[in-house]
There are 2 protein chains.
Amino acid sequence: MSTAEQDQRAIFRDYIDAVGLQAMAGAEAAGLQASEWYALSRISAAGGLTSGELAAGTGLTTGATTRLIDRLERAGYVRRATDPADRRKVLVEAVPDALGEVEAAVAPARRRIGEVLGEYTPEQQALLFDYFSRAAPAFRAATEEIRAATRKKAATRKKKER
Amino acid sequence: MSTAEQDQRAIFRDYIDAVGLQAMAGAEAAGLQASEWYALSRISAAGGLTSGELAAGTGLTTGATTRLIDRLERAGYVRRATDPADRRKVLVEAVPDALGEVEAAVAPARRRIGEVLGEYTPEQQALLFDYFSRAAPAFRAATEEIRAATRKKAATRKKKER
DNA sequence: TGCATTATCTGCACACATGCAGATATTAGG
DNA sequence: CCTAATATCTGCATGTGTGCAGATAATGCA
């Protein structure tokens, strides 16, 4: 590996670390646990999920998911609605107004990054936003990859314990 | 707010969200809680901290910090060393080898983002890395700002409870 | 209609992170 | 030296997130 390549790795690692810590702090400021923040993100991205779908996505049991929804609902971030087509199902939807709370948690980062972005030309800014829009799906895919691997590892460990 | 501005807000929000979720998944894969990941990041960034400094940084009590260090030590991420100048102090240092574990958790993101970056010209890549190196400190500052505000809010709430 | 299946919820137990108060060890100041 | 201050650790209690097993409600099929 060239030294330039190493530098890039270090810069990237440092950057990811900083963004990640910022996001965690934001979640904490919004009063959300990691699992809750993850669930809320999925719910709002999908425009609503059933309890079961959420359980599958988070890797939690259905029981734990019920409690997770309880907490999000009590905090005002989501609401329950019964699926009219199948009344056993519970549709969990994000409450639009409450997302402002999450938005507020990101505000400091937005302001500070805004200052950084202001130092670039409009053309350069456009490039950076192009990157943001392409990188987001890539990060989401990486997240699923990591979670899948983690779950697999946990399952293997459990199997060995028998 | 113009629609273009709104678009930018949405893109940025989405991007932060995706990076944050990825980081959390990485932390989970490494077997670390959010607070532990945050602590480890501070320790390795500072090249070693005392227990007290870590307590101040995380906002935890000294007792809780002792347990936090216990967990990180047991997991092999850090080691304790007594400060030769003041033997009351405990220096907490990151174990270099173990950081590979954390590095591995970031690997999927690095690979996928590498693919995205590969679609840009070398000049554009240079710009993006320039941004990374400038944005990281900005995100760290935002993190401290959020944490300070969160702690203040918690203190106020506690005061009202009396 | 009756029974199996599915979706969600509830009761119980457990693990674990954290705060608080007091204990221990070390240093600093008189 | 003796005492106060400082840094960390330990015992205890508490809140909370989660799994598991069984309960409840709704659907689908024979």
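Taking the six-membered ring where the residue is Trp, the centroids of B:Tyr131 and A:Tyr15 are separated by under 6.0 Å.
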Distances for protein N or O near nucleotides 13-18 of chain D N or O, under 3.5 Å:
| from | atom 1 | to | atom 2 | distance (Å) |
| --- | --- | --- | --- | --- |
| D:dT18 | OP2 | A:Arg71 | NH2 | 2.9 |

Enumerate the protein-to-nucleotides 21-29 of chain C contacts in which both atoms are nitrogen or oxygen and the separation is below 3.5 Å.
| from | atom 1 | to | atom 2 | distance (Å) |
| --- | --- | --- | --- | --- |
| C:dT27 | OP1 | B:Arg87 | N | 3.0 |

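As a whole-Å value, the separation of B:Leu54 CG from D:dA7 C1' is 14 Å. A:Lys89 has its NZ atom 18 Å from the P atom of C:dT5, to the nearest Å. Between the CD1 atom of A:Ile69 and the P atom of C:dT10 there is a distance of 11 Å, rounded to whole Å. Rounded to whole Å, atom P of C:dC16 lies 14 Å from atom CG of B:Asp70. Atom CG of A:Leu49 is separated from atom P of C:dA7 by 14 Å (rounded to the nearest Å). Taking atom CZ of residue B:Arg74 and atom P of nucleotide C:dA17, one finds them 8 Å apart after rounding to whole Å.
Here the side chains of A:Ile43 and A:Tyr77 are not in contact, with every heavy-atom distance at 4.5 Å or above. Put simply, the side chain of A:Val90 does not reach to within 4.5 Å of the side chain of A:Thr50, judged on heavy atoms.
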For B:Tyr38 and B:Arg147, what are the C-alpha separation, side-chain angles and deciding distance, and is it a side-chain contact (heavy atoms from CB on, under 4.5 Å)? CA-CA 12 Å; B:Tyr38 177 74; B:Arg147 293 180 71 89; 3.3 Å; yes

Assess whether side-chain contact (heavy atoms from CB on, under 4.5 Å) is satisfied between B:Thr62 and B:Ser51, documenting all intermediate values. CA-CA 7 Å; B:Thr62 59; B:Ser51 176; 5.7 Å; no

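A cation-pi contact, defined as under 6.0 Å to the ring centre and within 45° of the axis, links B:Arg134 to A:Tyr120.
B:Arg80 has no carboxylate O lying under 4.0 Å from a charged side-chain N of B:Glu93, or vice versa, which leaves the two without a salt bridge. A salt bridge links A:Arg111 with B:Glu145: the distance from a Lys NZ or Arg NE/NH1/NH2 to an Asp or Glu carboxylate oxygen falls below 4.0 Å.
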